[in-house]
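Everything below concerns the one structure shown next.
Numbers here are sequence positions counted from 1.
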Amino acid sequence: MKLYGSTTSPYVRRIRIVLASTEHEFLNLQIFSGEDRELLASRNPTLKVPCLEDDGQMIFDSRIIYNYLADKLDHDGLSWEEENQLTLIDAANDSFVQLMLLKRSDFDIGEDKMYYRLQNERIEAVLGALSNQLDAGGFSGWTYPEICLYSMIDWVLFRELHSMKEYPQLLTFHEKHHDRIEVTATDPRS
């Protein structure tokens with residue numbers, strides 16, 4: 001198995017954590033330019049990471065990769081509730097990524113523009129919903145939804161995209177899992 005990605009992507013980190021005890025090759029790519037971008041384009045026409053190469057096939061998107069790995073490695077599949085949790089996490093994560101890319105492209109994302117407002121509205125709605133789920137006892141284990149939630153929170157804090165101080169439940173969840181071996185081994189700060 002070959003996992004194509006970057007060490008800073010929260011979507012790649014999810015899969016790296018899932019594969020922590022499974023033999024695989026990780027190709028850390030500089031995905032925005034050069035030969036690595038060309039390699040990525042030759043493997044995944046969406047030009048997004050992660051993608052997984054296994055047994056002659058390419059699998060795109062972290063959620064689909066997880067479903068593939070769950071089947072291959074006899075991990076638990078996702079329930080409908082967990083799928084909904086992932087939809088929430090992915091929605092906020094996607095909005096954070098869009099805002100970061102716009103900022104890196106020298107757009108003033110603090111301006112009162114509809115696109116920025118919609119992204120920020122989605123982020124706040126999702127962070128509130130995830131906090132409510134934590135208050136209700138959700139995300140109590142360490143399965144794929146928890147891995148995804150942790151990866152998103154840690155990436156947002158790493159990129160300094162949101163302080164999260166309005167969401168102490170999310171910060172407490174983050175702190176609870178911060179010292180896991182597979183988390184420290186995939187820390188984008190290292």
Does a donor on one side chain sit under 3.5 Å from an acceptor on the other, for Tyr4 and Glu53?
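Yes, Glu53 and Tyr4 have a side-chain donor paired with an acceptor closer than 3.5 Å.
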Donor-acceptor side-chain pairing of Thr143 and Glu146 below 3.5 angstrom:
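Per modelled atom types, Thr143 and Glu146 side chains form a pair under 3.5 Å.
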Residue that, paired with His174, satisfies ring-ring contact (aromatic ring centres under 6.0 Å, His included) out of Tyr167, Tyr150, Trp155:
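So, applying the ring-ring contact (aromatic ring centres under 6.0 Å, His included) to His174 and each of Tyr167, Tyr150, Trp155, only Tyr150 qualifies.
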May I ask you to check whether over 12 heavy atoms, not counting those of [X], lie within 6.0 Å of atom [atom1]?
X	atom1	value
Phe158	CZ	yes
Asp76	CG	no
Glu81	CD	no

What's in the same ILVMFWY side-chain cluster as Leu118, cut-off under 4.5 Å, chained through other members?
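Reading the cluster by chain and number, Leu118 sits alongside Met114.
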Hey, which of Arg13, Lys48, Arg14 is the one that makes side chain to side chain donor-acceptor pair (under 3.5 Å) with Ser62?
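Only match with Ser62 under side chain to side chain donor-acceptor pair (under 3.5 Å): Arg14.
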Measuring only between side-chain heavy atoms, which start at C-beta, is Leu86 closer than 4.5 Å to Tyr66?
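Heavy-atom side-chain distance check fails, nothing below 4.5 Å.
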Contact between Arg189 and Asp154 at the side-chain level, heavy atoms closer than 4.5 Å - yes or no?
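Yes. Closest side-chain heavy atoms under 4.5 Å.
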Distance under 6.0 Å and angle within 45° of ring axis: Arg16 vs Phe26:
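Ring-cation test returns yes.
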Taking the six-membered ring of Trp142 as reference, does the cationic atom of Arg180 (NZ for Lys, CZ for Arg) lie under 6.0 Å from its centre and within 45° of its axis?
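Output yes; distance and angle both within limits.
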What's the separation between atom CG in Asp94 and atom CZ in Arg122, rounded to the nearest 0.5 Å?
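Result: 8.0 Å between the selected atoms.
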How long is the gap from OG1 on Thr22 to CE on Met1, to the nearest 0.5 Å?
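CE of Met1 is found 5.5 Å from OG1 of Thr22.
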Are Lys72 and Asp54 close enough for a salt bridge, meaning some N to O gap below 4.0 Å?
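So Lys72 pairs with Asp54 through a salt bridge.
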